[in-house]
Amino acid sequence: MSRQLFRGNLVRLAAVEPEEMSKAMPRWNLDTEYYRMLDSAPPLLWSEKKVKEWIDKDLDKDPAQDLFFSIRTLADDRLIGFMSLFDYSGHTGDALVGIGLGEREYWSKGYGTDAMRVMLDYVFNELNLRRLTLIVFEHNPRGIRSYQKAGFVLEGRVRGAMQRDGRRWDWFWMGILREEWARMQPGE
Amino acid sequence: MTIEQQLFEGETIRLGPIDYEKDPAVESRWTHDLSYLRMVGRDLARPLSPAQVKKKYEAIEKGMEERNLIYYTIRRKEDNELLGFIRLDWIEWTHGAASLKMAIGNLSERGKGYGSQVLRLFLCYAFDELNLYRLTATLSEDNPRGVSFFKKFGFVEEVRRRKALLRDGQTYDLLMLGLLKHEWRRE
């Protein structure tokens, strides 16, 4: 059985290398459009040193509290983003997923959707969760489309959850059930 | 012009800080009641000793110090008995949003209208004092009393996290109710 759990068609999920990631993240964070899709908190710019301390601390936890992956292209093994899985080990069978594609030239080309498909395979075939949840902001329609393509369904909108650029924006909560995902698999 | 409004005084209840002497034993008793734990949230249900409850209080006050959350006890004015708690979590000061949770711990004290007094008071605090824009309350669909309680104040269903709860072999949706400041029904 030569099954590949962490490999998609365009990207693979890999371990986080603290040296490399702590150089990439502060650079990505300079891109405000990226940062605001990622986080509701106002952008704060942190040094490579500080970011590395956080990453080291996070990776030191055993067992891991959250799962933290880098996203690398299959074509040239380039680090283009990261993925995190929060609250995955509880009794609820549910977890929260987050994704950030820091390298802009990989936007809108299917890399994010591919990474999410790999994550869904992992979540349902290895972690045996019942469902997966994510939150995406109203001002990120590209993200919403990508998640829908991966099989997520809009479960509701938290109205006016954020104030940005002079107006309120909703948070979209999306979820996918194990059975919905199973129906999307080839051969089903 | 003066402000005479009392933020923490209701008719028969008041909001207050934690009492490290008395509260741990009382809350420890509540945590031995599964129906209480399940109503309070989705966290792993487990009984806590008074010492563990005390540790939890310390973590709560640390969170308050860091401005991540706000936690008040609910007490009966007459005899100062601890009835429950009310708290804000996931406070986004930049956006004026927070998550609201409250509970009356003692089963025999439910249905006496304490909850309505508490929420009436606390919504004034959240909207008029903290100047929040919106609140979110998350409840299981198998708690219709809780849902209609919040709706009375103007909360509306915004999100339905399908089958997010699995209990006794059955799945339940998790409902997120939202209240915007301008929709708040003061009564």
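Below, chains carry the letters A, B, ... as their sequence lines are ordered, and counting in each starts from 1.
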### Task
Over all heavy atoms of both residues, which pair between A/Arg130 and B/Thr171 is shortest? Give the atoms and the distance, please.
NH1-CG2, 3.4 Å

### Summary
Okay, A/Trp171 and chain B: the region with an atom under 4.5 Å from a heavy atom over there is side chain

### Message
For A/Ile176, which atoms come within 4.5 Å of any heavy atom of chain B: side chain, backbone, both, or neither?
### Response
backbone

### Heavy atoms from other residues, nucleotides or ligands near CZ of A/Arg142 exceed 12 (cutoff 6.0 Å)
yes

### Task
Can you establish whether the number of heavy atoms outside A/Asn9 located under 6.0 Å from its atom CG is more than 12?
no

## Note on the structure
Heavy-atom closest pair (B/Val159 atom, A/Arg157 atom, distance to 0.1 Å) is CG2-N, 3.8 Å

### Query
What do the steps show when you test A/Met162 against B/Glu92 for side-chain contact (heavy atoms from CB on, under 4.5 Å), and what is the final call?
CA-CA 9 Å; A/Met162 287 190 310; B/Glu92 301 235 28; 5.9 Å; no

#### Entry: ILVMFWY network linking B/Leu174 to A/Val136, side-chain heavy atoms under 4.5 angstrom
no

### Task
Measure from the side-chain N and O atoms of A/Gln163 to the backbone N and O of B/Gly96, and report whether any donor-acceptor pair falls under 3.5 Å.
no

### Message
Within the supplied structure, the quantity of interest is the number of heavy atoms (other residues, nucleotides, ligands) at a distance under 6.0 Å from B/Lys112 NZ; does it exceed 12?
### Response
yes

### Query
Linking I/L/V/M/F/W/Y whenever their side-chain heavy atoms sit closer than 4.5 Å, directly or via other members, would A/Met119 and A/Leu177 fall into one cluster?
no

### Task
Examine A/Leu67 and A/Phe82 and state if one hydrophobic cluster contains both, with Ile, Leu, Val, Met, Phe, Trp and Tyr joined whenever side-chain heavy atoms are less than 4.5 Å apart.
yes

### Message
So, applying side chain to side chain contact (heavy atoms under 4.5 Å, CB included) with A/His91, which one of B/Asp43, B/Leu166, B/Leu44 is it?
### Response
B/Leu44

## Note on the structure
If one checks every heavy atom of B/Arg134 against chain A at 4.5 Å, the contacting part turns out to be side chain

### Query
Would B/Val26 and B/Leu15 show up in the same hydrophobic cluster when neighbours are defined by side-chain heavy atoms closer than 4.5 Å?
yes

### Query
Got a sec: does the CD of B/Glu66 have more than 12 other heavy atoms crowding it under 6.0 Å?
yes

### Task
Apply the test side-chain contact (heavy atoms from CB on, under 4.5 Å) to residues B/Met176 and A/Trp173: give CA-CA distance (whole Å), side-chain angles for both, the deciding distance (0.1 Å), then the verdict.
CA-CA 10 Å; B/Met176 294 172 63; A/Trp173 281 70; 3.5 Å; yes

### Distance in Å, B/Arg161 CZ paired with A/Asp94 CG, rounded so as to fall on 0.5 Å steps
6.5 Å

### Task
Indicate, with yes or no, if A/Leu38 and A/Trp107 share a hydrophobic cluster defined by side-chain heavy-atom contacts under 4.5 Å among Ile, Leu, Val, Met, Phe, Trp and Tyr.
yes

### Closest heavy-atom pair and its distance - A/Ala161, B/Ala97
O-CB, 3.9 Å

### Summary
If you tally heavy-atom pairs under 4.5 Å between each of B/Arg162, B/Glu157, B/Lys163 and chain A, the highest tally belongs to B/Arg162

### Task
Measure across B/Glu158 and A/Val158 and return the closest heavy-atom pair with its distance rounded to 0.1 Å.
OE1-CA, 3.6 Å

### Message
Check whether A/Arg168 reaches the backbone of B/His95 with its side chain - one donor and one acceptor, N or O, closer than 3.5 Å.
### Response
yes

